[in-house]
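Order of listing sets the numbers, starting from 1, for every ligand and every atom in it.
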Amino acid sequence: MLSVAENELLTRTNKGTVAGDYFRRFWMPALLSEEIPAPDSPPVRVTLMGEHLIAFRDSDGKIGLIDRYCAHRQVDLFYGRNEECGLRCVYHGWKFDTDGNCVDMPTELPSSNYKERIKLTSYPVQEHAGIVWAYLGPQDLPVEFPQFEFNTLPKDCFYIRKSLLECNYLQAMEGNLDSAHTGYLHSFATGSALDPRGKGHGSRGTISHQYQSSLPHFEVQETDYGLMIGAKRKGANDSAYWRITQWLLPVHTMIGANVGETLLWDAWVPMDDEHTWVYRIEYNPWRPLTVEEIYEYDTAGFARLNVENIPGTYMPVRNKSNNYLIDRGLQRTYSYTGIKGTNAQDAAVIENQGPTPIAQRAHEHLGSTDLAITRMRRMLLAALKEFEDGTEPVAALKGDLYKVRAIAVSLDDDGTPFYEGAKKHLNV
Ligand code: FES
Ligand SMILES: [Fe+2]
């Protein structure tokens with residue numbers, strides 16, 4: 001559990017808060033390239049850590065991420081005209097370029113230089129692998145772009161998605177560090193043909209002893225970029241099978257898969273304190289994604305990783321307002337949750353941790369499988385404390401720290417720390 005004050009510190013990310021200013025030291029996903037697909041395509045609203053922005057691609061293809069509200073009388077530039085290298089407010093025609101400069105002010109005399117004194121906030125952006133990233137921090141810091149491996153891969157080696165969660169970023173991110181939930185939340189009903197725990201163990205809805213005995217042993221290692229979380233199970237021939245998850249400051253998680261298999265990266269980006277943008281990339285550094293994989297990502301199914309959004313939006317079809325279309329009949333007979341798709345299953349629990357969109361961690365009772373969550377919170381709290389005392393985050397200044405993978409691998413069970421044994425697989 002956390003104190004009320006610690007919970008506030010970790011969950012509030014608007015400008016001027018400690019975590020908000022800390023997060024602004026890091027490049028963050030801001031929108032997908034597909035949202036502003038072509039020069040002079042319509043501008044889109046972007047809300048990032050509570051800041052109301054507008055993104056547009058100008059006639060030269062350059063991306064602007066600027067204040068959403070016109071410097072004149074605060075009209076939403078979403079209604080603006082994206083034309084001739086600038087976004088023109090439809091109220092009185094003031095026009096802004098991608099750097100936020102006012103480049104035309106038709107309501108003033110041509111002799112006036114008023115427009116030279118008008119500028120909207122604008123933030124630097126970089127576009128990689130279908131994501132537009134933004135840096136909202138101080139301009140004089142030598143921050144570096146995080147060099148995630150998927151940014152270097154050919155187009156057919158990754159698949160990208162974005163969706164909204166109606167809750168604070170922290171509980172969303174914690175969901176991916178909580179590997180104990182997988183065998184329950186994402187499983188099938190006991191007794192159903194697909195029950196991975198086998199038939200006849202326990203009554204419906206209970207967890208068999210057989211399953212409990214396969215609970216992993218966890219170990220956590222701190223790094224300069226965050227944490228490596230190892231979950232150990234018995235492998236073949238007395239080996240240890242380690243599934244290694246990465247948590248990378250401040251909002252990234254990577255879930256381990258076997259060498260050669262498709263890997264998973266998520267970013268849990270605060271839209272505001274009560275909403276989170278999830279950016280997800282499935283990527284394979286060894287080969288293009290298969291037709292079957294793409295089908296899995298594109299098509300809804302109970303155990304599928306699919307995120308089905310309402311067309312034209314990034315709001316999931318199965319969301320809090322419709323109880324994720326839970327099917328109580330199927331919950332009795334087939335699926336543990338009765339909710340279709342692992343992402344919707346995750347959303348159903350993440351968005352409903354208590355009555356408010358920000359989980360109140362003073363009320364929780366953590367157990368032994370919550371070790372990774374505890375360590376992540378502790379590390380983030382310590383980082384925020386150091387930051388308050390004037391230390392800039394090292395990870396923000398060293399982009400190559402992000403050249404890592406999350407991997408599942410069999411290692412000799414000889415006492416060598418998992419992060420040593422798996423080193424050659426973990427580093428890109
Ligand atoms: S409010 Fe935008 S030009 Fe007047
Ligand atoms: Fe999950």
Side-chain angles (χ1 to χ4, degrees), residues 43 45 52-54 56 64 66-83 86-97 100-109 112 114-115 117-121 161 163 165 167 169-188 196 216 229 231 243 245 247 253-257 263-268 276 278 280 282 296-297 300-307 316 318 324 335-353 359 369-370 372-373 376 406:
R45 296 186 181 108
H52 299 275
L53 307 168
I54 196 96
F56 66 105
I66 63 174
D67 257 357
R68 188 181 303 167
Y69 300 106
C70 177
H72 181 213
R73 283 177 44 219
Q74 298 289 291
V75 163
D76 188 339
L77 290 168
F78 169 79
Y79 300 100
R81 303 173 58 87
N82 188 7
E83 55 189 22
L87 190 57
R88 193 182 287 281
C89 177
V90 287
Y91 205 1
H92 315 95
W94 290 22
K95 183 175 171 183
F96 301 91
D97 68 10
N101 301 308
C102 184
V103 291
D104 194 19
M105 196 181 267
T107 50
E108 299 297 317
L109 289 172
S112 161
Y114 185 31
K115 74 170 189 289
R117 282 176 281 143
I118 302 295
K119 188 170 164 37
L120 293 175
T121 300
R161 284 176 288 180
S163 60
L165 280 174
C167 67
Y169 87 92
L170 187 62
Q171 69 220 54
M173 184 163 78
E174 286 174 349
N176 257 23
L177 299 180
D178 174 349
S179 55
H181 77 273
T182 313
Y184 302 82
L185 183 74
H186 302 312
S187 69
F188 292 86
I229 300 133
R243 185 171 282 274
T245 299
W247 170 62
T253 52
M254 292 171 154
I255 305 283
L263 307 173
L264 180 67
W265 162 85
D266 288 289
W268 312 89
T276 302
V278 188
R280 166 164 289 187
E282 265 100 2
E296 154 129 351
Y297 307 147
F302 274 90
R304 293 224 170 99
L305 278 168
N306 167 264
V307 186
R318 294 165 189 81
Y324 314 90
S335 146
Y336 199 70
T337 56
I339 294 169
K340 208 171 190 177
T342 53
N343 285 283
Q345 292 157 7
D346 283 324
V349 294
I350 287 165
E351 293 178 340
N352 294 283
Q353 290 181 255
T369 61
D370 296 310
I373 290 172
M376 179 275 288

Distance, nearest 0.5 Å, that separates CG of L77 from CG of L53: 11.0 Å

Main-chain N/O of W94 paired with D104 side-chain donor or acceptor, under 3.5 Å: no

Is the side chain of D76 donor-acceptor paired with the backbone N or O of F78 at a distance under 3.5 Å, no angle test? yes

With 2.8 Å as the threshold, which protein atoms of type N, O or S lie near atom 4 (Fe) of ligand 1? Leave waters out. H72 ND1, H92 ND1

Which angle, to the nearest 10 degrees, do you find at the Fe ion (ligand 2) between NE2 in H186 and NE2 in H181? 100°

List for me each residue that meets salt bridge (charged side-chain N to carboxylate O under 4.0 Å, His left out) alongside E108, sequence neighbours excluded, and say none if there are none. none

Does A348 offer a backbone N or O that forms a donor-acceptor pair with the side chain of N352 under 3.5 Å? yes

Where the side chain of R243 meets the backbone of A231, is there a donor-acceptor pair that is under 3.5 Å apart? no

Do the non-hydrogen side-chain atoms of N343 and N306 ever get within less than 4.5 Å of each other? no

Per residue D346, nearest N, O or S atom to the Fe ion (ligand 2) is named OD1

Please find out if the Fe ion (ligand 2) and some N, O or S atom of D178 are separated by less than 2.8 Å. no

